[in-house]
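Notes follow once the structure below has been shown.
Every value quoted in this text rests on a predicted model; they were computed, and no experiment measured them. So that the names make sense, note that chain A is the first sequence line, chain B the second, and so on, each numbered from 1.
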Amino acid sequence: MAELNIYDLIYDITRQIPRGRVTSYGAIARCIGTGGSARLVGWAMNACHTLKNVPAHRVVNRNGLLTGKHHFATPTLMQELLEKEGVKVIDDQIQDFDKVFWDPMTLI
DNA sequence: ATTCTGACGTGGG
DNA sequence: CCCCACGCCAGAA
């Protein structure tokens with residue numbers, strides 16, 4: 001009972017990402033304990049895409065590259081949202097990634 | 001049931 | 001420096 005599925009866990013973490021901050025799939029994967037299954041995070045994002053209140057645009061790969069922007073309503077929506085929150089994105093690459101990077105472990 | 005791919009990450013050559 | 005292969009879990013064909 002009350003077994004938090006991997007998805008719920010990912011959603012919960014992703015939802016708690018502060019505005020103007022971003023994180024990586026692998027960071028979340030490690031936080032939940034899936035370890036190297038960073039792909040699951042991305043897959044969960046896809047599932048969350050149909051849901052709501054999950055800022056998937058704040059989750060990028062470890063390079064800080066907007067690899068999943070094509071999964072949004074529009075390929076530019078992800079960048080638009082990020083820039084709107086104060087995150088500079090140039091050529092699908094987050095600028096100052098180290099500065100805007102938010103570690104989910106901070107919750108723990 | 002098996003096989004492949006996928007919004008990733010790490011390691012090796 | 002760049003390219004390739006492996007590992008991870010889940011879903012679709």
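Within the 4.5 Å cutoff, the side chain of Leu66(A) has heavy atoms near those of the Ile94(A) side chain. Looking at Arg58(A) and Arg19(A), their side chains come closer than 4.5 Å, going by heavy atoms from C-beta outward.
The nearest whole Å value for the distance from the CZ atom in Arg58(A) to the P atom in dA7(B) is 22 Å. As rounded to whole Å, 10 Å separates atom P of dG9(B) from atom CG of Leu65(A). Spacing between atom CD1 of Ile10(A) and atom C1' of dC8(C) amounts to 12 Å, rounded to whole angstrom units. Rounded to whole Å, atom C1' of dC9(C) lies 16 Å from atom CD1 of Ile28(A). Phe72(A) places its CZ atom 8 Å from the C1' atom of dA7(B), with the value rounded to the nearest Å. In this structure, the NE2 atom of His70(A) is 20 Å from the P atom of dT5(B), given to the nearest Å. Atom pair Asp8(A):CG and dA10(C):P shows a separation of 13 Å (rounding to whole Å applied). Atom-to-atom, NE2 of His71(A) to C1' of dT5(B) comes out at 12 Å; the value is rounded to the nearest Å.
Ranking dG9(B), dA10(C), dA7(B) by closeness to the Ala38(A) side chain, first place goes to dG9(B). The side chain of Ser37(A) sits closest to dC9(C) out of dC9(C), dA7(B), dG9(B). When distances run from any side-chain atom of Trp43(A) to the nucleotides dT10(B), dC8(C), dG11(C), the shortest one goes to dG11(C).
Asn61(A) comes within 4.0 angstrom of sugar-phosphate atoms only, judged by non-hydrogen atoms across all strands, and of no base. The residue Ala56(A) sits close to a base: some heavy atom pair falls under 4.0 Å.
Of the C1' atoms belonging to dC3(C) and dA7(B), the separation is 22 Å, rounded to the nearest Å. Comparing dT5(B) with dC4(C), their P atoms are spaced 16 Å from each other, to the whole Å.
Two different hydrophobic clusters hold Ile17(A) and Leu82(A) under the rule that ILVMFWY side chains link at heavy-atom gaps under 4.5 Å.
For Tyr25(A) (side chain) and Val59(A) (main-chain N/O), a donor-acceptor pair under 3.5 Å exists by modelled atom type.
Nucleotides of DNA chain B nearest to Arg62(A) and Leu40(A) differ in position, and the one nearer the 5' end is that of Leu40(A). Between Arg30(A) and Gly42(A), the residue anchored nearer the 5' end of DNA chain B, judged by the nucleotide with its closest heavy atom, is Gly42(A).
Checking the phosphate oxygens (OP1, OP2) of dT10(B), no side-chain nitrogen or oxygen of Tyr25(A) falls inside 4.0 Å.
Shortest non-hydrogen contact noted between Ala27(A) and Pro104(A) is O-CG, 3.6 Å.
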